[in-house]
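Report on the following structure.
Numbers here are sequence positions counted from 1. Hydrogens, waters and symmetry mates play no part in the numbers below; they use all other heavy atoms, side chains included.
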Amino acid sequence: MKKAEKLKELKSVDENPKKFKSDQEEVEFWDSHSFASIADEMPVSNLIPRKRKRMRPVSIRLPEDTIKDAMEISVSENIDYTALLRQIVIEGITVVKKKRETVNHIQNGEK
C-alpha cells in the first residue's frame with residue numbers, strides 16, 4: 001500500500017467480513033481498512049489471532065492430470081493448489097468419518 005493512501009475506517013462491526021476466500025484476500029482487506037474506531041465493539045475472538053493446527057509434511061503421488069486439474073481450480077478459487085488439495089483431503093476424511101459413525105450407530109441400533 002502506498003503511504004499516501006489512507007485506511008478506510010470501519011464504521012460498524014457489520015462491515016467486518018466474517019470469512020475471507022483466502023489469506024491473500026484477508027491481507028488485502030486489512031491493508032486498506034482499519035478497525036481502530038470500532039475495536040471496543042468487536043468480540044474478543046475477532047481480535048485474537050487464530051491459532052493454526054500444527055502441520056506435518058507428507059509426500060503423496062498423484063496422477064499428472066489430477067495435479068493439473070487442482071492447479072486450474074486453484075486459480076479460479078484464488079488459493080494455492082497445495083492448500084486446495086489439503087482442503088479436499090480434510091473434507092474427504094471428514095465425510096468418511098461421518099459415514100463410518102452413521103454405519104456404527106445403525107449397527108449398534110442407536111438413533
When you measure from the side chain of Thr66 to the backbone of Leu62, do you find a donor-acceptor pair of N or O atoms at a distance under 3.5 Å?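 No; zero donor-acceptor contacts below 3.5 Å.
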
Of all residues at least two apart in sequence or in a different chain, which pass the side-chain hydrogen bond (donor to acceptor under 3.5 Å, both in side chains) check with Glu28?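 Expected list: Gln24.
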
Looking at [atom1] of [X] and [atom2] of [Y], how far apart are the two atoms once the value is rounded to the nearest 0.5 Å?
| X | Y | atom1 | atom2 | result |
| --- | --- | --- | --- | --- |
| Glu25 | Phe20 | CD | CZ | 6.5 Å |
| Gln87 | Glu77 | CD | CD | 8.5 Å |
| Ile88 | Ile73 | CD1 | CD1 | 6.0 Å |
| Arg86 | Ile79 | CZ | CD1 | 8.0 Å |
| Leu84 | Asp69 | CG | CG | 10.5 Å |

Ile60 side chain near Val58 side chain, heavy-atom distance below 4.5 Å: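 Yes, their side chains come closer than 4.5 Å.
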
Would you indicate whether the side-chain heavy atoms of Met71 and Ile67 approach each other to under 4.5 Å?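 Side chain of Ile67 against side chain of Met71, heavy atoms only: contact under 4.5 Å found.
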
Using the rule side-chain contact (heavy atoms from CB on, under 4.5 Å), only one of Val95, Ile90, Val96, Val89 pairs with Ile93; which is it?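 It is Val89; the other options fail the test.
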
